[in-house]
Amino acid sequence: NKTLHITSCQQGRPDRNRSLLAKQSLGQNFLYDDNYVQKICSQVDFDVENGGKRVIEVGPGLGALTRVLHERYPNMTTIEIDTRAVDHLHSKFPQLRVIHQDVLRTDWKALAESLGGPLAIVGNLPYNITTPILFSLIKNCSHIDHAILTMQLEVALRITAKPRSKDFGVLSVFSQLHSRPSLLFHLPPSVFRPIPEVTSALVRLDFQPKKALELFKHVSMEELTQVVRTAFQQRRKRMSNSMKSLTDRLQKELPEDMKGRRAEELKPEDFVQLTEYLFGHR
Ligand code: SAM
């Protein structure tokens with residue numbers, strides 16, 4: 001049985017009146033250590049105009065971060081899938097706006113337009129859907145100003161990895177083309193309940209919609225995705241080999257200076273140029 005009985009954290013002490021069973025299927029590892037709640041919230045420096053109307057918390061759960069954030073941003077919005085957590089939030093923070101839905105179904109463009117501009121996202125992400133959440137934010141980067149997110153350290157290292165390092169891959173390329181990511185600090189397993197098996201990290205992504213717009217003038221996200229995924233399927237092989245299936249299909253040769261290189265050596269921008277070349281947009 002992977003469900004554990006846990007209690008929520010309120011002002012550093014377990015709140016015995018508010019307990020529920022943590023669902024592993026929803027990535028529920030609740031923040032339990034008030035020092036870390038304060039440490040995360042102290043990194044959140046969103047513009048407070050309109051009572052923080054454009055502040056969105058993903059997965060508020062029992063409200064460990066929400067308690068601090070809601071005081072600062074009374075008009076913030078939260079998105080939570082678990083009915084039990086939604087009921088709990090309604091009773092604990094009657095004024096809080098809670099959208100009861102799967103965050104992966106969020107229409108970020110519509111939400112940003114309804115709230116009057118680009119969003120500021122904060123959240124201790126459910127680890128099982130961290131990557132799809134990141135890609136949905138990246139895809140919608142013109143509607144998001146920045147995001148401050150807790151995730152598995154392993155994913156944080158991939159987001160911020162530089163070429164020629166072992167963590168450099170698809171997620172690094174897409175994160176770095178669309179944002180300036182920075183790893184702020186590590187969070188040990190002991191600050192969550194249930195205690196996860198892995199270390200976590202807080203990451204900040206400052207989205208760069210202008211840069212992304214410029215990069216995507218000549219290529220589509222789908223084309224770039226094909227190139228990057230194909231290249232990293234065999235990251236240590238020379239590009240002449242690893243890209244063969246795609247170049248054959250497109251009936252194109254790789255540029256000479258690309259043939260002997262490896263995916264893990266290329267800079268994120270190199271993949272955009274290669275996509276322009278292969279799909280014949282330039
Ligand atoms: N913010 C709380 C904290 O720090 O203690 C909870 C964080 S917990 C790691 C992840 C939260 O995301 C849980 O409340 C979980 O129910 C919620 N969640 C999981 N999958 C979700 C989804 N697809 N859409 C929205 N919320 C989701």
Side-chain angles (χ1 to χ4, degrees), residues 2-15 18-44 55-73 76-93 96-108 111 119 121-137 140 147-156 184-185 187-203:
K2 302 245 164 135
T3 36
L4 292 168
H5 193 251
I6 62 109
T7 52
S8 68
C9 168
Q10 197 174 49
Q11 288 166 341
R13 295 186 308 276
D15 173 3
R18 309 266 186 217
S19 59
L20 55 77
L21 297 173
K23 283 190 185 164
Q24 203 182 40
S25 60
L26 293 178
Q28 290 183 337
N29 295 97
F30 297 99
L31 264 165
Y32 195 71
D33 181 319
D34 200 49
N35 291 330
Y36 274 86
V37 169
Q38 299 298 341
K39 219 174 149 184
I40 293 170
C41 291
S42 71
Q43 297 292 334
V44 181
V55 174
I56 312 291
E57 187 189 353
V58 173
L62 299 174
L65 297 171
T66 323
R67 177 176 57 81
V68 179
L69 296 173
H70 186 44
E71 252 180 46
R72 223 188 286 167
Y73 309 117
M76 69 185 278
T77 294
T78 57
I79 305 174
E80 171 60 59
I81 200 169
D82 187 343
T83 312
R84 303 166 310 160
V86 170
D87 291 345
H88 172 74
L89 292 163
H90 279 316
S91 71
K92 198 165 165 192
F93 312 105
L96 178 70
R97 182 173 181 225
V98 185
I99 303 178
H100 183 194
Q101 73 168 34
D102 179 351
V103 67
L104 294 175
R105 298 178 70 90
T106 303
D107 181 341
W108 296 109
L111 189 59
L119 307 170
I121 315 257
V122 57
N124 171 18
L125 297 183
Y127 71 93
N128 49 336
I129 52 166
T130 297
T131 308
I133 293 175
L134 288 168
F135 275 105
S136 99
L137 300 181
N140 287 282
I148 297 180
L149 306 167
T150 302
M151 62 189 74
Q152 274 180 262
L153 176 60
E154 183 205 320
V155 181
L184 301 176
F185 56 80
L187 292 96
S190 59
V191 305
F192 299 98
R193 290 291 183 280
I195 298 176
E197 281 172 8
V198 293
T199 298
S200 300
L202 187 69
V203 171

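Atoms within a ligand are numbered from 1 in the order they appear, just like the ligands themselves.
- Close contacts between ligand 1 and Q28 involve ligand atoms 13 (C), 15 (C), 16 (O) [criterion: under 4.0 Å to a heavy atom].
- Proximity to L125 (heavy-atom distance under 4.0 Å) selects the following atoms of ligand 1: 9 (C).
- Of the N or O atoms in V103, one or more lie within a sub-3.5 Å distance of an N or O in ligand 1.
- G59 O, 3.5 Å is the protein heavy atom nearest to atom 11 (C) of ligand 1.
- Here the CG-CG distance, from L153 to L202, works out to 12.0 Å after rounding to the nearest 0.5 Å.
- A cation-pi arrangement, defined by a distance under 6.0 Å to the six-membered ring centre and an angle within 45 degrees of its axis, is present between R193 and Y32.
- Summarising the geometry, atom OG1 belonging to T150 is positioned 11.5 Å from atom CG belonging to N29; distances are rounded to the nearest 0.5 Å.
- Between N29 and ligand 1, a contact under 3.5 Å exists for no N or O pair.
- Put simply, OG1 on T77 and CG on L119 are 9.0 Å apart, with the number rounded to the nearest 0.5 Å.
- Considering only non-hydrogen protein atoms, atom 23 (N) of ligand 1 sits nearest to D102 OD1, 2.8 Å.
- Comparing R84, E80, M151 by heavy-atom distance to atom 15 (C) of ligand 1, the nearest is E80.
- The shortest N/O to N/O separation between L65 and ligand 1 does not fall below 3.5 Å.
- Inter-residue side-chain proximity for L69 and V44 is flagged as met; some heavy-atom pair is nearer than 4.5 Å.
- Between the CZ atom in F30 and the CG atom in L65 there is a gap of 11.5 Å [rounded to 0.5 Å].
- Protein heavy atom nearest atom 27 (C) of ligand 1, with residue, atom name and distance: I81 CG2, 3.5 Å.
- Looking at atom 2 (C) of ligand 1, its nearest protein heavy atom turns out to be P60 O, 3.2 Å.
- Shown in contact with L31 at under 4.0 Å from a heavy atom are these atoms of ligand 1, numbered in order with element: 3 (C), 4 (O), 5 (O).
- Per-residue contacts place E57 under 4.0 angstrom from the following atoms of ligand 1 (heavy atoms of the residue considered): 1 (N).
- Distances below 4.0 Å separate heavy atoms of D82 from the following atoms of ligand 1: 16 (O).
- Within the 4.0 Å heavy-atom cutoff, L104 does not count among the residues contacting ligand 1.
- Numbered from 1 in the order shown, with element, the atoms of ligand 1 that lie under 4.0 Å from a heavy atom of G27 read 8 (S), 9 (C), 10 (C).
- Using a cutoff of 4.0 Å between basic side-chain nitrogens and carboxylate oxygens, R67 and D34 are scored as salt-bridged.
- Within the listing of ligand 1, atoms 6 (C), 14 (O) sit less than 4.0 angstrom from a heavy atom of G61.
- Proximity of K23 to ligand 1 is not established, as no heavy-atom distance is less than 4.0 Å.
- For ligand 1, the atoms sitting less than 4.0 Å from at least one non-hydrogen atom of Q101 are 24 (N), 25 (C), numbered in the order shown with element in parentheses.
- To the nearest 0.5 Å, atom OG1 of residue T131 and atom CD of residue Q152 are 8.5 Å apart.
- Judged by the shortest distance from any of its heavy atoms, A85 lies outside the 4.0 Å radius around the atoms of ligand 1.
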